[in-house]
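Computed from a predicted model, the values in this text were never measured in an experiment.
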Amino acid sequence: MGDERVECSDLPEELLPTIVKSLETHIDFLRFRSVCNSWRSNCLPFTPASPLEFPHPHPQPADLAPWLTSETAPARAYLIETTLYLMQRLNPSTSSDHKGMLIKVDDTNSSRNRYESNPPHVLSNHFNLLDFRALELTKSYTLKSQLCFFPTRGLNKVIKFPNSARTNGNDSAIFVVYSNGKLGFAKCGDENMSIVGGRCIYDDVIVYKGQLYVVDRWGIVWLIRLELELVPFSQSIDGSDLCSPKYLVESCGALYVVDKERRGRHGTTPKVYELNEEELGRWDLVNSLGDRAFVLGYDCCFSVSAEEFSGFKRNCIYFTEQYGSGTRVFNLEDRRFEDLAYFQSSHLAWPLSNLL
């Protein structure tokens, strides 16, 4: 009995609603509905959540509506959530098919639901999700004005906390790192954005092992407690330059800081530091990322295996720019920069409706 295989259509129907309740992402729903007609009939199509509403990070966003007065200027913004997946073919037909692809899916019921891939144009307009293994890598967030639904400028990073799909939207909060280094906070439904964290200049914020951390320009990582108290979590980086932005990256369960512009004998080059888990608070200089590649973007930072992904080179850092000025790649082996135009996220892809 234990060795018998049960066809999906033979599973008791009363189990299916329980399985559906455990589904969290758009990809989960699509794969469930693709199994068979019985499962498809027991699971309604995925309905993207309406964007959560938060106070606009700029009380009077003059860059979007300079003709409006302070009394009439929009004060609200929508939080747009996207998910980055690794897609791997289950039955690759060529050696190149063994490598995965990055798929970026808009999870929010916004005006332009879509997905994007890297490398671009590698998928047809219609493809079967059952032919792929989907692994969620990370989520990213942007704030868009209610007035014109354009991304809000003047922000380095937006993050939602808690970032679990099971969290009620009304219990969500956001942390915003402004381009001037201030740290903003607001709960869903708040009237105004609050500034927290004192006078430090902050560069990046991350959810690491279920906790919120923010890094300042000195390279000090701070733990953000629930009562919005910031507690030092690490030492500063030796010789840190106040002119050099810092990025937080989680890779293989470890926390890293990338110091973008460190002056040295090779000129101005990035430096990578790993948080020492045995001596918490100390940063160890990293000279090689091995098989890993770091991608540092304006909306999220993540790490990938160059062996598993197409389009990435091992031991490299990819710096993507926010407003379409391209991507630069830094190779830690020869400590040189090079441009990589094709990696820009401006490649338009295919609408999500083709996946339903």
Side-chain angles (χ1 to χ4, degrees), residues 48-82 106-111 139-208 210-217 220-232 245-246 248 298-300 322-323:
S50 298
L52 297 177
E53 187 177 303
F54 289 91
H56 201 288
H58 307 296
Q60 184 181 352
D63 58 328
L64 297 177
W67 61 89
L68 295 178
T69 64
S70 58
E71 288 78 15
T72 60
R76 313 301 294 171
Y78 292 123
L79 182 69
I80 307 302
E81 178 178 304
T82 58
D106 185 344
D107 293 325
T108 311
N109 187 17
S110 60
S111 59
K139 291 183 179 292
S140 64
Y141 303 90
T142 55
L143 283 174
K144 295 188 177 182
S145 171
Q146 275 187 340
L147 178 69
C148 56
F149 220 67
F150 287 158
T152 302
R153 292 177 177 264
L155 305 178
N156 285 350
K157 180 67 70 69
V158 179
I159 198 166
K160 185 179 78 169
F161 188 81
N163 59 356
S164 170
R166 299 182 182 275
T167 302
N168 186 297
N170 295 327
D171 297 329
S172 298
I174 58 171
F175 287 85
V176 173
V177 178
Y178 289 85
S179 56
N180 63 5
K182 292 182 179 180
L183 181 64
F185 166 81
K187 292 182 179 179
C188 185
D190 281 357
E191 292 297 324
N192 298 292
M193 188 80 63
S194 301
I195 302 299
V196 298
R199 297 183 178 181
C200 289
I201 301 174
Y202 299 102
D203 282 326
D204 199 6
V205 61
I206 192 174
V207 177
Y208 174 65
Q211 299 288 332
L212 269 167
Y213 298 91
V214 62
V215 63
D216 66 20
R217 191 56 62 89
I220 300 175
V221 173
W222 302 76
L223 169 65
I224 306 176
R225 297 190 183 276
L226 293 179
E227 59 273 17
L228 300 183
E229 177 189 6
L230 271 67
V231 179
K246 311 295 188 295
L248 291 170
Y298 68 93
D299 55 353
C300 66
Q322 183 169 9
Y323 300 116

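By the 4.5 Å heavy-atom criterion applied to side chains, F54 and R76 are not counted as neighbours. The shortest distance between side-chain heavy atoms of H56 and S145 falls below 4.5 Å. Within the 4.5 Å cutoff, no side-chain heavy atoms of V196 are placed close to those of I224. By the 4.5 Å heavy-atom criterion applied to side chains, L143 and L79 are counted as neighbours. Using a 4.5 Å cut-off on side-chain heavy atoms (C-beta onward), V215 and Y202 make no contact.
In plain terms, the two heavy atoms of A186 and M193 that are nearest each other are CB-SD, 3.7 Å. Considering all non-hydrogen atoms of both residues, V207 and K160 come closest at CG2-O, 4.4 Å. Scanning all heavy atoms of the two residues, the minimum distance from P162 to D171 falls at CD-O, 4.0 Å. Of all heavy-atom pairs spanning F185 and F175, the tightest one is CD1-CZ, 3.4 Å. Nearest heavy atoms, D190 versus P55: O-CD, 3.4 Å. Residues Y178 and P57 come closest through the heavy atom pair OH-O, 2.7 Å.
The main-chain N or O of A173 is never found under 3.5 Å from a side-chain atom of K187 such that the two would form a donor-acceptor pair.
The side-chain hydrogen bond (donor to acceptor under 3.5 Å, both in side chains) search around Q211 returns none, not counting sequence neighbours.
For the atom pair L155 CG and N180 CG, the distance stands at 9.5 Å (nearest 0.5 Å). Considering OG of S172 and CG of L52, their distance stands at 5.5 Å, rounded to 0.5 Å. The CZ atom of F161 lies 6.5 Å from the CG atom of L226; values are rounded to the nearest 0.5 Å. To the nearest 0.5 Å, atoms CD1 (I201) and NZ (K182) are separated by 11.0 Å. Atom CG of D204 sits about 4.5 Å away from atom CG of L248, to the nearest 0.5 Å.
The only member of L183, L212, D216, V231 that meets side-chain contact (heavy atoms from CB on, under 4.5 Å) when paired with W222 is D216.
Using a cut-off of 4.0 Å between Lys/Arg side-chain N and Asp/Glu carboxylate O, D203 and R217 are scored as salt-bridged.
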